[in-house]
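The structure under discussion appears below in the form of structure tokens.
Everything quoted here is computed from the prediction, not taken from an experiment.
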Number of protein chains: 2
Amino acid sequence: MSDTGQAVLADLILDRESPVPLYHQVVSRIESAIERGELQPGVRLDNEVEIARQLGLSRPTLRMAIARLVDKGLLIRRRGLGTVVAPAHVRRPFALTSLYDDLVAVGRRPVTRVLGFKSVPAPEEIARELTVQPGTRLLFIRRLRLIEGEPIAVMTNYLPEGLLRAEAPELEESGLYRLLRRRGIQPRIANQTVSARLASAAEARLLSVRRGAPLLTMRRTAFDDAGRPVELGIHIYPAERYSLEMTVVRH
Amino acid sequence: MSDTGQAVLADLILDRESPVPLYHQVVSRIESAIERGELQPGVRLDNEVEIARQLGLSRPTLRMAIARLVDKGLLIRRRGLGTVVAPAHVRRPFALTSLYDDLVAVGRRPVTRVLGFKSVPAPEEIARELTVQPGTRLLFIRRLRLIEGEPIAVMTNYLPEGLLRAEAPELEESGLYRLLRRRGIQPRIANQTVSARLASAAEARLLSVRRGAPLLTMRRTAFDDAGRPVELGIHIYPAERYSLEMTVVRH
DNA sequence: AAGTGGTCTAGACCACCGC
DNA sequence: CGGTGGTCTAGACCACTTT
């Protein structure tokens, strides 16, 4: 009914010497203020000109920050009305994070076992999807992921050779995407197909489910900034223990 | 190896009298040039300052346009290198379109049968997900979608009353989202959970599959600009005939 | 009418990249 | 080094929403 409150952002501290862009500093400060509950859902922010003045920024710079937050679904902005903190309806951004990151984020302890790690010539279909020549040598990786002793995924990946070296042990400690990032490789765009089928006997054994249990399947090709192939992933999950969650924002 | 060509965008026609923002005009012009093949993947664009000059725009305005196209995965931009048209690896944006739209877009003819359309009090769990009071009256809709005679989805939806009226017949002609848009309701953010399970006898009958066949399941809550609940959808798809595709761009 | 975000301009300087 | 995109400024005017 009445005003839900006016947020004062004047005390955000910006570091003009930092290499981190100012608008990005604003994004992360406001983001964490919302996460910590200092900015409650429904709270109305001051208008853009006023916030910019308080922070000592130009309006375009501040707008860039707010635009990012709107994109993430954290803020809602309407002409003539103002900017308010979005309701809490989850705000998990749909991004190219790995399952590993997701699980760690909620405090669970996934364990990974590397089942396969070798160089293979690219099968025709996989070569086509990754846009490499058939027969090109690819790194084949197969991992089993468990959480509290229960298998939750069998992940098969094909990567162009040279992206990773003999890093099988590290794959037991870290996610594939984290390992790639550490080597300076940034997946940027990914095409995913999600479907379902029944577990074969071999899959059932690996995943500790009965034969014919429902599996969630995901097939993904990922490319970097320059459009170079990074990875093809074929993942299967026991549907009884796993689901994919995503938040979609319409622009 | 050598230059892949230099695109001249100077002949894009902009209408400064139009209510459509200039940057948006640039976005749609370039978008359709790429779709029509006038701008081939790999083609390098002139630098921002030059394009802006050619179009008679300021650089920030042009940058806004290019940023949108990069977001959509149509262009790739790298500091020091330039801007090029992205490789063709699909570019289906992951958005809140309906299955209906998707199928029509590829020229297929889906048919929809409305199985249920009535007002019901909100069950507790559904009320919580939609952030309405338990017992609030909701519109319950259940539809069966077929393509070339084969069922591909059973869609169950709950909407706050008042968003739609007695429009059951129209639901056989148009998608739910299209109908909502026509009434000025714009879903903006949606949380989706995708998983899988086996078909019950009743579901198997509806979907023309055997009992125990794998089903892809999707549960979605959607909210509008102002964070008001728009819809809760519970969809099931016969996995043997349907998969979900999405393109994810990391920002 | 008043207040808000939306669009647009014309510059400036910086950081990264390949040569 | 020269060229590119990345960031930032200080304004201006417009369109929409509510009072």
Side-chain angles (χ1 to χ4, degrees), chain A residues 1-4 6-7 9 14-28 43-71 75-86 184 186 188 224-226 251, chain B residues 1-4 6-7 9 14-28 43-71 75-86 184 186 188 224-226 251:
Chain A
M1 188 101 284
S2 68
D3 203 332
T4 33
Q6 190 90 359
L9 299 172
L14 300 180
D15 176 6
R16 300 192 84 99
E17 308 309 314
S18 162
V20 177
L22 291 171
Y23 74 85
H24 192 273
Q25 293 183 36
V26 175
V27 168
S28 38
V43 167
R44 181 150 180 267
L45 304 188
D46 288 327
N47 70 64
E48 296 180 346
V49 178
E50 174 60 18
I51 299 178
R53 192 193 59 76
Q54 288 173 4
L55 298 181
L57 293 174
S58 71
R59 188 180 164 206
T61 300
L62 177 73
R63 262 185 76 76
M64 210 183 310
I66 292 184
R68 304 276 180 127
L69 291 162
V70 169
D71 262 15
L75 296 181
I76 292 166
R77 191 166 46 163
R78 298 187 72 189
R79 193 193 302 221
L81 293 182
T83 304
V84 300
V85 178
Q186 283 278 5
R188 168 155 176 89
D224 76 359
D225 271 344
H251 296 108
Chain B
M1 190 93 284
S2 70
D3 204 332
T4 34
Q6 190 91 357
L9 299 173
L14 300 179
D15 176 5
R16 300 193 83 99
E17 308 308 313
S18 162
V20 177
L22 291 171
Y23 74 86
H24 192 273
Q25 293 184 37
V26 176
V27 167
S28 37
V43 168
R44 183 151 180 267
L45 303 189
D46 288 326
N47 70 64
E48 295 180 348
V49 178
E50 175 59 18
I51 299 177
R53 192 193 61 75
Q54 288 172 5
L55 298 182
L57 293 175
S58 70
R59 188 181 165 207
T61 299
L62 176 73
R63 262 185 76 76
M64 210 182 311
I66 291 183
R68 303 277 179 127
L69 291 161
V70 169
D71 262 14
L75 295 181
I76 291 166
R77 193 165 44 162
R78 298 187 73 190
R79 193 193 300 220
L81 294 181
T83 304
V84 299
V85 178
Q186 283 277 6
R188 169 153 176 89
D224 75 358
D225 271 343
H251 296 110

### Task
Verify the contact: side-chain N or O of A:Thr61 to OP1 or OP2 of D:dT7, cut-off strictly under 4.0 Å; return yes or no.
no
### Task
Evaluate the side chain to side chain contact (heavy atoms under 4.5 Å, CB included) criterion for residues B:Ile51 and B:Leu45: first the C-alpha distance (whole Å), next the side-chain angles of each, then the deciding distance (0.1 Å), finally the verdict.
CA-CA 8 Å; B:Ile51 299 177; B:Leu45 303 189; 4.1 Å; yes
### Message
Between B:Arg59 and D:dT7, is there a contact of a side-chain N or O with OP1 or OP2 at under 4.0 Å?
### Response
no
### Message
On DNA chain D, compare the nucleotides closest to A:His24 and A:Gly80; which residue's is nearer the 5' end?
### Response
A:His24
### Query
Whole Å only: how far is the CG atom of B:Leu75 from the P atom of D:dG5?
11 Å
### Task
Whole angstrom is fine here: how far is it from CD1 in A:Ile66 over to P in C:dT7?
14 Å
### Query
Given C:dC16, is OP1 or OP2 found less than 4.0 Å from the side-chain N or O atoms of B:Arg78?
no
### Task
Determine the contact category for A:Pro19: base if any of its heavy atoms lies under 4.0 Å from a base atom, sugar-phosphate if only primed atoms, P, OP1 or OP2 are that close, otherwise nothing.
nothing
### Query
According to a strict under-4.0 Å criterion, is B:Asn47 in side-chain N/O contact with OP1 or OP2 of D:dG3?
no
#### Entry: Spacing of A:Arg44 atom CZ relative to C:dT4 atom P, expressed in whole Å
6 Å
### Task
Could you tell me whether the side chains of B:Asp46 and B:Gln54 share a donor-acceptor contact shorter than 3.5 Å?
yes
### Message
Is there a side-chain contact between B:Arg16 and the phosphate of C:dT7, meaning an N or O under 4.0 Å from OP1 or OP2?
### Response
no
### Query
Salt bridge or not for A:Glu48 and A:Arg53, using N-O below 4.0 Å?
no
### Task
Kindly say if A:Ser58 contacts the phosphate of D:dT9, meaning a side-chain N or O under 4.0 Å from OP1 or OP2.
yes
### Query
Can you check whether B:Tyr23 has a side-chain N or O nearer than 4.0 Å to OP1 or OP2 of C:dC8?
no
### Query
Are A:Arg59 and A:Glu50 ion-paired here, with the side-chain N under 4.0 Å from a carboxylate O?
no
## Note on the structure
A:Arg77 has its side chain closest, among C:dG6, D:dG11, D:dG5, to C:dG6
## Note on the structure
Of A:Gly56 and B:Leu81, the one whose closest nucleotide on DNA chain D sits nearer the 5' end is B:Leu81
### Message
Just the rounded figure in Å: distance from P of C:dT9 to CZ of A:Arg63.
### Response
15 Å
### Message
Tell me the interatomic distance from A:Glu50, atom CD, to C:dG5, atom P, rounded to whole angstroms.
### Response
11 Å
### Message
Starting the side chain at C-beta, find the nucleotide from C:dG6, D:dG6, C:dT9 nearest to B:Leu22.
### Response
C:dT9
### Task
Answer yes or no: is there a side-chain heavy-atom contact under 4.5 Å between A:Ile76 and A:Val70?
no
## Note on the structure
note: B:Arg79, atom CZ; D:dG5, atom P; distance rounded to Å ~ 11 Å
### Task
Nearest whole angstrom, please: distance from the C1' of D:dA15 to the CD of A:Glu48.
14 Å
### Task
Specify the separation, in whole Å, of atom CE of A:Met64 and atom P of C:dG6.
15 Å
